[in-house]
Structure formats: C-alpha cells, structure tokens
Amino acid sequence: MSTPSRHDEVSTEEAAPSRRAWFGLAVLSAGLGMIVLDGTIVGVALPDIIRDLNMNITDAQWVNSLYAVLLAALLLSTGRLSDRWGRKRLFLVGIVIFIGGSILAAMSDASGPLIAARAVQAVGAALIMPSTLSTVNATFRGKYRATAFGVWGAVISGAAAIGPLAGGALTQWGSWEWIFLVNIPLGAIVFVAAIFTVKETRGGKALPGADVDGALLSAIGFGALVFAVIEGPEIGWWVPKADLHIFGLTWPTTAPISLVPIAFAVAAVALTLFVFWERHRARVRRSALLDLDLFRLPTFSWGNTTAAMVAVGEFAILFVLPLYLINALGLDVMGAGLVLAAMAIGAFVSGAMARHLAARFGSPGTVLIGLGLELIGIIALALTVTGTTPGWAIAIPLVVYGLGLGLASAQLTGTVLRDVPPEVSGQGSATQSTVRQIGSALGTAFAGAALSVSLALTLPASLQKAGLTGKEAETLADTTRQSAGSMISELRAEGVHSQFGNDTARAVQALSDGFADGTRLAMLIASVFLLLGFVGAIRLRISSKREVPVLPAPGGGMSAAEAGAAVGAGAAGDTGAAADTGAAGGAGPQTGAATAQSVPGRSGTD
C-alpha cells in the first residue's frame, strides 16, 4: 500500500463534513442520550416502583445493578461486533431491542419481570453505545472532530440534567410506567432518522477469532461479585439467615454456609482466569476482549482506577438519595427531581469550565481539584441529612459535588487515553467505558448494602428513642428496611387511621430520623471510595509527568507508515474531543475506530 502524501493527509483531515454527517451526529447523540436519560430517569421514580410492585431493597438494587453489570459485561464484545458487522447496523438493532425492553418494563407487574426487562434494555444499550462514538470518530476529522464531540457531549449532558426532572414529572403527572414508555416515541424517531442520516462504518482489519470464553468469564466474574454484595445483607454474609430462591432452586437457611462467600470465590476465580485467558489470546495472536498491555501505561491504569471510584460515588448517591428525599423527607417525585437536578447543573457548569482550568493546572491537576470538590460535597451532604432537612439545604452540597464531578469527568477521559497508542485507542476507550459501568454497578450494590446494614441499626434505635418498643416496633423497623423506606410514605398517607393511631406521626418522624441516619452512613461509606479515587488522582498526576513506557506492537495492527499517518491525522482533534466528551460524565467506547478513522485516505465507510 502506498504512503499518502502530505497534501492528501491535509485534504482528508480538513474536508468539511456534509450536512448529512451533521444530521447523523445529532441522531447518534440522541440515541446515546436516550440511554443516559433512562439511567437517571429511573432513579427518581424508584420509590414509586418499590411501593407499587411491593419490592424490597434487594430487588431495587437489582433494577439498577443488573442493567449496569450486563452493560459492562457486553460492551467490549459488542464493540468488536460493531467493528465487524457495521456500526450503523448494530445501532439500529440496539434501538429495537432497547424499545422492546422498555415496553416489557412498562408492562411489568412484579419485580422479577421488571428486572428481566432491564436486562433486555441493557443488551440494547450495549449495542447502541459502541456504535455511536466510533461512528462519530470515523466520520469527522481534525477541527471538525473537536466540534462534533462538543455537540455530542452537550446533548448527553443535557439528557443527564433533565433526567431527574423528566422522571419526576412523568411519575407525578402520569405513572412510573411512563419513564419506560417515553422511550418508544424517542426510539422510533431515532431509528427512522438514523436510516437516512447515519452512514455505515466498520473498523479496520482485526485479529482472527471471537473471544467468547473471555466474554463469559468476565460476565460470570462481575455478575458474581455484584450478586454477593447485593445479597449479602439479606441472606447472610457467612451463615445463611434467609432462604434464597433463584432459577427455581432454593438455598435454605439450613445450609452450612451462605451462598455469598461462594459467590465471592466464584468471582475471584473467574476474574483471575479472565486475566490469564486474555494474556493467552494475545500470545497466540487471536482477538482478545481486553488488551492487558494497556495497563502498563501508568496514566491508563491509575486513570481507570480513579474513574471507577468516581462512578461508585456517583451511583451510590443516585441510588440512596431519591429514597431518602421521597420517603424520609416526604417530597413528591417532582421535588426530588428538582433537588437531584442540582448535581447535574453543577456538573454541566463545571464541565464547560474544565478546559480553561486544564490550561492552567493541567488535566491531571483539574481531575484532582474535581475529586477534592466531590469529597467536600459528599461529606457536607452526609452531615446535612436529617429527618427534617429542607430540600434546598440538600441541593447546596449537591451543587458542590456536581461541580467536582464535572471537572473530574471532563478531564479523566483525555488523561486516561493520553498515552494510549492511536492504533489501539478504540480498545482503550472501550475499556474505560467498561470500567465506569462496573463502577456504577458496584456503586449501587455497595450503597444498597450499606443502607440496608445501617438501617438495621438506626431504625430500631430511633423508634426506641421515640418511646416505641416491643414486637410491633421491631416488625415496623424491619418492614421499613425491607421496603427501602416506602413504609414511611404509607404511614404518612394513612395518618391516624394506621395501626399506630394517634402515635402515627411520632412513628413517622422516628422512622424518618432513623432513615436519615442510615443515609448518612451510606454517604460516608461512598466518601471512602471517593477518597480512594482522590489517592488515585494523586498517583495519576505523578504518573503523567513520567516517561511513557513503550507498548509491544499489537498483532494485526497498522504498518509503520500507517501509524505515523494516524498520529498526524488524530493529533488535531483528539485532545479537545476527549475533554468535550468527558463533559457528559464519561465517554462511551470508540471500539476499534482508530484504525478506520485516523488513517488518511480511508473513509471508514462502505
């Protein structure tokens, strides 16, 4: 193959995209925005769902965690599929599956069908996500790529910001089913528009084979880990304290050991085997899900560690706070949405400022500032929550937390991928997105487990302090814990007609105080993960000043001439693009796009 001339390189890089390309960008952004909206819209409606479907706190955790676990397990695999089969094709298939999952979710009349429907949604989302960013990468060049990512990031940031408000409005003025039904018209519009505006693109030549074993091992490992964390408070961490019914089988309380430590062991074995298997695939020059050599880059390894901790903290807040705002404080879903929107507004504002701060302090320094603000915000939030705190007082530390979240997220993406060679940048971005999804799943799991364990201590103590003791009080405390606080809302609605009669108001206040205490402990535990992220950010800043280690050339990669051309084509737009995409709160994967999109003379289209 001939080496392209400098003239060809410049003309390819600077050629203005067509009007169809810009419309396609809007459609792809809307498709990914629908997934972001679905994630934030569900959280604020969760208390109503728990009450209507008679769910317990474990079921509520699975509604969010199963979605994130499956998405994380499938992202690398579907990214490979999109490179081989066509990104537009998988994007359209993903939209159809996501709409189907949304319909099933809206029709759910129990926790089991709803959790299964969320799994279907996750499969659709896993097909959509890799197709969006990699298509944008393959379509735009140079300065236009930076502009395209700015638009892409702004659309997703807007979707994240309006999610809690939209969820509150749909739930309050309609019903919680509408948070899923709204995806039908949105998805239909995106589907039809994508047919006419999005061009088909594929990745470059890849190594042979499909890493099915790697996909199974990673799914089993992360699934077992999240299962253990979620189910531990309910069925016992070591000795069984409740029967577990799963897939028609029962793990009884008479068993010598709980299923939780077994699940932890399965996770450890599966993830260890996954690492060895991926190394084996690389040695025999077969396609692998994860390029482990990337973790030899200090900025990549420490950056991903930091990103995971940020995701744990963020989703811990998004799981616990709606339950506290609606059940303990008695806010309606619209009011809770307004309070939570303070975090998204802070993130949106600071995301726009991040580039200017990075120019002064550097990207790693900006990440460090962001993590510091997140820590201040979450600790202030933990100290603010009580059974009678007004909503505006909760919103203030959320704005501080959101400012930090925007700064950290906006610069983490570019910093993590800074030293990744252009020929493997697609897999580097996919790996980062997978790490964030794992962090979000663990955030929900850890927050739910911490809340459940905390409530087992704080609710009985609060009732006793209010003078409510005996078997009836013990049952009330346990029911409140199991229902994730929805029992408080039920008692508040029943008033003096409840079983507690004139003591109902006293019981409601005691339960609200106890739930606030449990929320405080859950927030403090989330702050521990953010502290670990802060340490990771310090290490990230130190690593960014060191010499970058040379990675071995990937099998089946570009030639030296192509790699040199790719660096020239990618340098003009990638840095700014990374910062802009990060403003959305995290970049989606651009799996395998680097080969097709960075080499001058290749359109990347069919």
Side-chain angles (χ1 to χ4, degrees), residues 29-30 32-49 64 153-174 176 178-180 182-183 186 310-311 313-354 370 373-374 376-378 380-382 384-385 389-410 440 443-444 447 519 522-523 526 582-586:
S29 299
L32 190 54
M34 182 173 64
I35 299 174
V36 176
L37 183 70
D38 188 72
T40 56
I41 207 174
V42 170
V44 75
L46 199 55
D48 275 36
I49 298 174
N64 281 336
V155 170
I156 298 173
S157 295
I162 67 172
L165 292 175
L170 290 171
T171 305
Q172 183 164 331
W173 297 325
W176 63 263
W178 280 101
I179 67 172
F180 299 111
V182 73
N183 292 325
L186 289 178
V310 169
E314 179 184 0
F315 279 84
I317 289 177
L318 288 175
F319 179 79
V320 172
L321 266 191
L323 301 175
Y324 162 74
L325 293 171
I326 293 174
N327 294 327
L329 295 188
L331 299 181
D332 56 32
V333 286
M334 190 63 184
L338 286 169
V339 173
L340 291 172
M343 179 171 64
I345 292 171
F348 184 79
V349 171
S350 62
M353 298 165 46
L373 287 173
E374 286 188 54
I376 293 171
I378 198 169
L381 181 63
T384 302
V385 295
T389 305
W392 61 263
I394 300 296
I396 293 174
L398 278 180
V399 170
V400 176
Y401 178 86
L403 289 171
L405 180 65
L407 291 178
S409 296
S440 67
T444 300
T519 301
M523 292 292 99

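Numbering starts at 1 and runs along the sequence shown. Below, all heavy atoms of this structure are taken into account, side chains as well, without hydrogens, waters or symmetry copies.
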As an exercise, state the distance from [atom1] of [X] to [atom2] of [Y], rounded to the nearest 0.5 Å.
X: F180; Y: I49; atom1: CZ; atom2: CD1; value: 5.0 Å
X: L331; Y: L338; atom1: CG; atom2: CG; value: 9.5 Å
X: I326; Y: M334; atom1: CD1; atom2: CE; value: 12.0 Å
X: L340; Y: L321; atom1: CG; atom2: CG; value: 6.0 Å
X: L329; Y: L323; atom1: CG; atom2: CG; value: 11.5 Å

Over all atoms of both residues, closest heavy-atom pair of [X] and [Y]:
X: A447; Y: A522; result: O-CB, 4.3 Å
X: A395; Y: A342; result: O-CB, 3.7 Å
X: A45; Y: I179; result: CB-CD1, 3.7 Å
X: A526; Y: A316; result: CB-CB, 3.8 Å
X: P397; Y: A393; result: CD-O, 3.0 Å
X: L407; Y: G370; result: CB-CA, 3.9 Å

Do W176 and V333 have side-chain heavy atoms sitting under 4.5 Å apart?
no
State which residue, out of V339, I378, I345, L403, fulfils the side chain to side chain contact (heavy atoms under 4.5 Å, CB included) condition with L398.
V339
Test side-chain contact (heavy atoms from CB on, under 4.5 Å) on Y401 and I317; report intermediate values, then the result.
CA-CA 10 Å; Y401 178 86; I317 289 177; 3.6 Å; yes
